[in-house]
Amino acid sequence: MRKWIRIFLVLLLAGVFVLFWGRSAAQSRSDFLHNTAAHKRISCNSCHKMPTANWKAARGYPDVADYPGHAACFSCHRSDFFSGNKPSICAGCHANPGPRGAARLPFPVRSKSTDFSTIFPHDVHQNIIAYNQRLGNTAVAHFMKAGFSIDQQKEPQFNSCALCHQTSGKLPKFTTRELLKSSQALADPVAETFAPAAAFFKMSPDSHASCFSCHYQNQEPIRTNCAGCHSLTKPYVANRVLSRFSLKFDHQSKDHADKDCITCHIRITETGDLKSMKGADVPILTCSTSSCHASQIGSEISKRGASIAAKGFIFQCTYCHTSQIGRFPIPASHKAQ
Amino acid sequence: MTRLPFHRCVSVGFVLVVLCSYSALSQDPTTGSVEVTARVRIDGKQAKFARKSFYLLRGGLQDNKPILDRIKTTEITSRDCYYARLKASPAFICWLDAENCDSPYCRKIETDEIEAVPEFKAAYQKGLLLFGQKTDIAQQWLASNLAPALTGGFHREQQGVFERLLGGAILVKSAMTDAVTFKSTFVDIPVTVSEEKPVQMFTVSNITPFEFSGKSYVWSCQVEVSPEKLAVVRLIVPEGDKPVRNCEIVVKALKVCRTGTCGQQ
């Protein structure tokens, strides 16, 4: 028993040693936390300037495009600035820490963990930014006293999901979505020749640009109300790999591009917040009850059933899925009306 | 017969509770779906309500009578009256009217429209000063320089009305019509059914009125939801005072607040 206690204590000491060896507060970029008691006491604007002086060159629109200046840290971290030739606090922002004022790292550091989650009520936004059907028998615009009319041929550009979710210009990192752990594959995956194109994917905003177009000022949460959109959370590294059940779905195909996003993404319209979002996934009924895909999906379900009955090779569903998903049992949702 | 000691009874009870909970959790919850089609023929014209919200309430029309009564009696401010009350310029009101927009967030504000609408012009000028004379940003971010009452004000007022009409009732779900099929679909509706009662009654309503051709419309329809079949609600407008089966439809003439028209040139 004593032996085990000794081993435990040695391991504990080793753990503590590894964790704290050579480290003090704010010594490396990953160590900077907004979530400490001392940092939580100060307002965001006391460190971050909005916009920063470099916004035109860095972004092209007013934004927080740089680190806070030395003054923001100095009052509390004065001694850290004078510890050694290469004070480790400098590594928080500078590429080559030292007193010579080396170049700063790009802001923000994308590979770094973040300690904020985003507050974005989809439902509020879709109620306000609503695509409205053009009125058939009304002039596109004729203003009293103004006396001009807009070209009838020019379609108005309605603000909609595309305001934030743009078609991807380059192929993002992607993977198939994980199924329930309890789900057992019926067959081994087959060699996959299919590869999605960049335009298959829609991206999510990763800058302030689309938010500030409405919220820069006047409409809360405005640019200085950081907490209106960013809430403190435990540090995490954002997963930038897009995962899909149906990697074969092409958003830009002729028959998809002319649809409204919420024709298929019906769960989005009942989502109040990103945190409570079940997923942007599309319930199968939007495809299977439509005249577009009902027969193909029905046919695949029948073929799977027949292959199981024949006790031969298991038919893999490849109309929508790659083999990574298509070899699993068909979920109940696909069979329901 | 020997009696089990107390601590063993507790253990057995605990195991049973865990097993029952596990079995309850591992069962698929019973869910149903409802589709609402918001393409309606009104006075000979086809009304297509795109990007409009519908709400799902538990129970039938009778169960939701207090809400339906409030819908009938509450006076609603129309979009025109809201903006007229703010003394918005006629050009601004006509810009909204041209594409049936509820707010300036609805669509892109074009360069020539900035010149024509005084509110847009003032916001653009403000933007130029604020955004270092960058014309593209001043135009793209124009809405951020409009007064909040002109941007999100009408939506906020409608939300207030919505809360009053709902009167604290709990919504099961909300869903929005799309701009192509004009349908909204409620999915994953939790339904409690049994062999004797294979369906559960719900009410679908838009609660806050939709405006069309000078009138406001609220549909409230009861629908039976079962796990097997997609329930479908089609909105209709009654001819005269004819009642519509399973629906209560409240149609009100909108108060006229604007002083001119936005006709064709």
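Letters A, B, ... are given to chains in the order of the sequence lines, protein chains preceding strands, and every chain is numbered from 1. Quick note: numbers below take in every heavy atom, side chains included, and nothing from hydrogens, waters or symmetry partners.
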Interchain contact, [X] with chain A, by part (heavy-atom threshold 4.5 Å):
X       : result
S53(B)  : side chain
N145(B) : both
T177(B) : backbone
I93(B)  : neither

Reported [atom1]-to-[atom2] distance for the pair [X] and [Y], which is rounded to 0.5 angstrom:
X       : Y       : atom1 : atom2 : result
K183(B) : D260(A) : NZ    : CG    : 13.5 Å
T263(A) : F182(B) : OG1   : CZ    : 9.5 Å
S160(A) : Y105(B) : OG    : OH    : 16.0 Å
Q219(A) : L150(B) : CD    : CG    : 10.5 Å
D178(B) : H265(A) : CG    : NE2   : 12.0 Å

Hey, mind stepping through W141(B) and F212(A) against side chain to side chain contact (heavy atoms under 4.5 Å, CB included) and telling me if it holds?
CA-CA 7 Å; W141(B) 294 16; F212(A) 283 169; 3.4 Å; yes

Heavy-atom closest pair, residues [X] and [Y]:
X       : Y       : value
H155(B) : V124(A) : NE2-CG1, 4.3 Å
L146(B) : N218(A) : O-ND2, 3.1 Å
T185(B) : I266(A) : CB-CD1, 3.7 Å

SB check D188(B) R267(A) (cutoff 4.0 Å):
yes

Below 4.5 Å, heavy-atom pairs only: which of A175(B), S174(B), G152(B) has the largest tally toward chain A?
S174(B)

Are there more than 12 heavy atoms of other residues, nucleotides or ligands under 6.0 Å from atom CD of E211(B)?
yes

Step through the shown structure and confirm whether more than 12 heavy atoms of other residues, nucleotides or ligands are within 6.0 Å of CZ on R156(B).
yes

Residue P62(A) versus chain B: region with a heavy atom under 4.5 Å:
both

T269(A) vs R51(B), side chain to side chain donor-acceptor pair (under 3.5 Å): CA-CA, chis, key distance, verdict:
CA-CA 10 Å; T269(A) 66; R51(B) 293 272 174 150; over 6 Å; no

Picking from G60(A), C261(A), C264(A), A209(A), which has the most non-hydrogen pairs under 4.5 angstrom with chain B?
G60(A)

We want to know whether Q217(A) and S144(B) form a side-chain donor-acceptor pair, criterion being a heavy-atom distance below 3.5 angstrom.
no

